[in-house]
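For reference, the structure discussed in these notes is given below.
As the structure lists them, so they are numbered: ligands from 1, and atoms in each ligand from 1.
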Amino acid sequence: MRAVAQREVVVGGAVRTQISRIPVITTVAVSLLYVVGLLLGDLVRFDVVGVWLGIIAELAAVAVCVSAVLRTRLSQWQVVFGAAAVTAYTAGDVYYLSTLDGQQAHDVVSAADVAYIVFYPLMLGALAVTVRKLKGVTWPLLLDSLVGALAAASVMAMVLAPILRSGAGGGTTFGMIVVVIYPLLDLLLITAVGGLLASRGLDLGPRWLLLVAGLVLFTAADIAFALGVQDYVVGSAVDTGWILGIVAIALWVDGVARGGTALRHQDRGLPAVTMLMGSTTSAVAVLLIGCQVPIAPLAQVLAALTLLLAALPLLFRNRMLVTLATTDELTKLPNRRGLVRDLRGRLDKRHPGALLFLDLDRFKDVNDALGHNVGDALLVQVSERFARALRQEDILARLGGDEFAVFLDGLSTEEALRVARRLEAELAEPIRIGTASLKTSVSIGIALTPENGTDISLLMRKADIAMFRAKSSRSGHHLYSSMDDDGGARKLRTLEELRTALLENQFELHYQPKVRLSEDTVTSVEALVRWNHPVLGQLPPTSFLPLAEEAGLMPQLSTLVLEAAVDQASRWHDDGLTISVAVNLSGSCIQQYLPRQILTLLEQHNLPAKCLMLEITEDMLMADPAHSAKILARLRTAGIEISIDDFGTGYSSLAYLRDLPADELKLDRSFITAMRTDPRAGGLVGSIIDLAHSLDLRVVAEGVDNAETLVELRALGCDLAQGFHFAKPLPAAKVVPWITRNTPVVKVTAVPR
Ligand code: C2E
Ligand code: CA
Ligand code: CA
């Protein structure tokens, strides 16, 4: 039933479209007849063709316009204005003819001229509607149009000046002005159309060429009329231009009403250049002619103005290019080039100052987890906050990504440090983006001038080194010192040593007990890697893991750790201690091959899958949730447990937690530490525990280092706890003695399943 109704509507629409073509077809047919008639000249009676066929063509054009207006129900102002212009002009012609009274022509100026003149504001109105749709970039458009108009006016002034001067045909001065005004108005329209076509994204409808053709015909007719005004009689060749012009414009109006495949200029390429070139060439031509023969001084002035104005946008464009090259698109701050430019001249021996390098912490996580739009919005807000903390004379620049730079002019070391702290403090408040509230922080490296140098690139390098220091020590900010400088060389050396360490397996695992609070039993231990450095002694993981990660050595290291942990667990098993071992895995280790690798390992050591647990940090999971979730799900199906480490430090949403293939949630140490000082932290921990339970996840509290916190955690229903309060990470050999020693308090039991 509905399908049928729809068909009828479609059929009805098609019928209407067919009907609406009748005026168009009529107009085209009459116009053709008119042209053919004119070409045949004497064969047909002049009056019939030149006068009556012409006026019929115009009336048909009006019908086309009326039909277009009715079809669009006054909804398109372009159509309304265009139709009104055509109608006004035709009305003028009808009046002119009907009041001839046997004469061959009226006076130069007649009442019909009112209607003719009205045509122009109406046409300009139609074009103005188009411009209104455009926001922002009107000035280059206007400038281009103005250049075109000036060039045209100068040509006009040259051509028409002799007529004006001679007062040709004895017409009145007023009459001559009216006669000359038409070509000028035509040119105004043409330049407006040219400007629109040359501009970006403006749409003059599918038949824009007809509009241009119509206006050109009009102009030609008006110039011809002005030049030969004294000989004009109705029905002469000049009329052809006007009549065909009106017909063409009416057909354009019809095209706009139909819409269809509109022509859209995607960029200001050829048309804009053509317009400018045409304008400047004609201006130059006018000036050259002026050198040879006497022409109107006005023409020369206009030509000179054209050239001047044509050069203006070039200047603007150059300025714009420079601005673009030195400005950061997103934040509108100077970019790296802009900073270098602004610093030039500010660095010298007598002039104190500080260059700060700022790098947001964990920005990549935001981008990965929440998308680039959120990342961009965050950067914009961060830049605004930084700006807030600075003085007018300081420079704030965005170097790219999440890196910013600040130059503090004339400040002492103390003052520079104070500004750095202020910049850090600016990010204390979470940043709101849409409905999300993001917490971010920044690491700042500070280099001083002239102390650390007066060379831009040297200062930048030193500030950069200091920033890395701040980042790796998580100290917020760091003032550059020459001690930091061999960092690059040292890093290389460490990397070499790390490679050797992997080959020779200089690593050792320590194990920290996880205590099940309901029973005071140890059911599992977390394996934590140590590097027994041949020279430096035992190094904590934080001192080499970032470098291993950066150098892509993590999978290799993980393999060693996994092997050692599984091997140790199976030994404990053989000794009757059936605890499970938790191994930390970095994101780069969550690879397709991981499940196979681990299952083979378990098989080789004859260890049940449930005795291995993998700890994966929240942000690692967020980096590529779908990918990692698939791999983790495979592992979990095989019986290996998954624990979400450092929970609460990342950006994962609670909704996301639901979909994670996990068994356990490890609350980050920062929450547990906060419980001691901030009463709100306890409440937060309590609600996270409840939430985790509702999602069927166990909760582990990390970093429990005092009895009070432990009591509170028990009260909140926390499942497991781990921390210095129970034990530091222990060498493998000390695990069994520790558990035995603490047996009355902490019983050893098998892994409950
Ligand atoms: P994590 O996984 O959060 O491990 C807990 C860290 O907190 C350990 O530091 C542990 O010694 C420390 N800790 C435990 N209880 C307390 C306490 O009560 N107070 C304080 N202040 N700290 C406590 P560790 O061993 O230096 O490990 C640091 C981080 O290095 C680990 O954090 C983990 O992210 C990473 N890591 C350690 N071993 C491995 C490994 O084999 N592979 C990977 N991918 N990462 C590892
Ligand atoms: Ca861990
Ligand atoms: Ca942790």
Side-chain angles (χ1 to χ4, degrees), residues 362 472 474 498 501-502 505-515 522 524-532 538-569 580-591 594 598 612-621 623 628 641-650 662-676 698-710 713 720-732 734-735 738:
R362 305 161 58 91
S472 55
R474 299 187 182 198
L498 200 55
L502 283 168
N505 194 358
Q506 297 171 358
F507 300 98
E508 179 189 340
L509 295 185
H510 283 193
Y511 299 89
Q512 189 177 36
K514 284 173 160 177
V515 177
V522 173
S524 65
V525 290
E526 178 180 3
L528 294 156
V529 71
R530 308 285 180 255
W531 178 8
N532 292 321
Q538 195 168 76
L539 299 175
T542 41
S543 69
F544 59 89
L545 289 184
L547 184 61
E549 187 73 72
E550 195 184 319
L553 297 172
M554 262 338 238
Q556 244 177 298
L557 180 68
S558 285
T559 302
L560 287 182
V561 171
L562 272 169
E563 272 168 9
V566 169
D567 181 59
Q568 185 58 56
S580 76
V581 178
V583 170
N584 291 282
L585 275 190
S586 92
S588 55
C589 303
I590 317 277
Q591 299 290 345
L594 188 72
I598 290 181
L612 182 66
M613 181 184 291
L614 301 176
E615 291 192 7
I616 292 134
T617 56
E618 185 193 1
D619 50 321
M620 291 305 167
L621 290 173
S628 29
E641 295 210 317
I642 306 294
S643 175
I644 303 172
D645 207 351
D646 298 350
F647 182 77
T649 56
D663 305 270
E664 182 184 280
L665 201 111
K666 289 189 88 175
L667 254 176
D668 190 63
R669 198 162 69 220
S670 55
F671 287 96
I672 311 303
T673 318
M675 279 170 68
R676 263 202 291 182
R698 285 195 304 269
V699 179
V700 183
E702 293 191 294
V704 179
D705 58 4
N706 65 85
E708 296 77 45
T709 309
L710 181 62
L713 282 168
L720 295 118
Q722 178 185 355
F724 294 170
H725 176 65
F726 299 107
K728 293 205 165 181
L730 306 161
K734 293 200 176 156
V735 171
W738 186 87

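Residues Leu667 and Val700 are not in side-chain contact: their nearest non-hydrogen atoms beyond the backbone lie 4.5 Å or more apart. Annotation: side chain of Leu710 is in contact with side chain of Phe726 (closest heavy-atom distance under 4.5 Å). Within the 4.5 Å cutoff, no side-chain heavy atoms of Leu665 are placed close to those of Asp645.
Within the 4.0 Å heavy-atom criterion, both parts of Asn584, backbone and side chain, lie near ligand 1. Contacts with ligand 1 closer than 4.0 Å are made by no heavy atom of Val583, backbone or side chain. Contacts of Thr617 with ligand 1, taken as heavy-atom pairs under 4.0 Å, are absent altogether.
Listed by number with element, the atoms of ligand 1 under 4.0 Å from a non-hydrogen atom of Ser586 are 44 (N). Close approach to Pro729 involves these atoms of ligand 1, each under 4.0 Å from a residue heavy atom: 11 (O). Remark: ligand 1 atoms within the under-4.0 Å shell around heavy atoms of Asp646 are 3 (O). Residue contact check: Asp705 has heavy atoms under 4.0 Å from atoms 18 (O) of ligand 1. For ligand 1, the atoms closer than 4.0 angstrom to any heavy atom of Val561 are 41 (O). The ligand atoms of ligand 1 that sit less than 4.0 angstrom from a heavy atom of Gln512 are 14 (C), 15 (N).
Looking at Leu585, Leu509, Leu528 and measuring to atom 8 (C) of ligand 1, the nearest heavy atom belongs to Leu528. For the residues Leu545, Ile672, Leu557, the heavy atom positioned nearest atom 46 (C) of ligand 1 is part of Leu545. Taking only non-hydrogen atoms, the option from Arg669, His725, Glu702, Arg530 nearest to atom 25 (O) of ligand 1 is Arg530. Counting only non-hydrogen atoms, the option in Phe726, Phe724, Phe507 that gets closest to atom 20 (C) of ligand 1 is Phe724.
For Glu526, the N/O/S atom at the shortest distance from the Ca ion (ligand 2) is named OE2. Counting just the N/O/S atoms of Asp645, the one with the shortest distance to the Ca ion (ligand 2) is named OD2.
Proximity of a side-chain donor or acceptor of Thr673 to a complementary backbone N or O of Arg669 within less than 3.5 Å is detected. In this structure a side-chain-to-backbone donor-acceptor pair under 3.5 Å is missing from Asp668 to Phe671. Panel note: side chain Asp663, backbone Ile642; a donor-acceptor pair is recorded below 3.5 Å.
Looking at Asn532 and Gln506, their side chains never bring a donor and an acceptor atom within 3.5 Å of each other. The closest side-chain donor-acceptor pair between Glu508 and His510 falls under 3.5 angstrom.
Of the listed residues (Glu526, Glu641, Glu615, Glu702), just one forms a salt bridge (Lys or Arg N to Asp or Glu O under 4.0 Å) with Lys514, and that residue is Glu615.
Heavy atoms of His510 come nearer than 4.0 angstrom to ligand 1 in no pair at all. Residue Met554 places a heavy atom under 4.0 Å from ligand 1. Heavy atoms of Lys728 stay at 4.0 angstrom or farther from ligand 1. Not a single heavy atom of Lys666 sits under 4.0 Å from any atom of ligand 1.
The existence of a salt bridge linking Asp705 and Lys728 is excluded, since no basic side-chain nitrogen approaches an acidic carboxylate oxygen closer than 4.0 Å. By the 4.0 Å N-to-carboxylate-O rule, Arg698 lies close enough to Glu664 to be salt-bridged with it.
Taking the Ca ion (ligand 2) as the apex, the angle formed with OE1 of Glu615 and OD1 of Asn584 is 90°, to the nearest 10 degrees.
The aromatic rings of Trp531 and Phe544 lie perpendicular to each other, with more than 60° between the two planes, well past the 30° mark.
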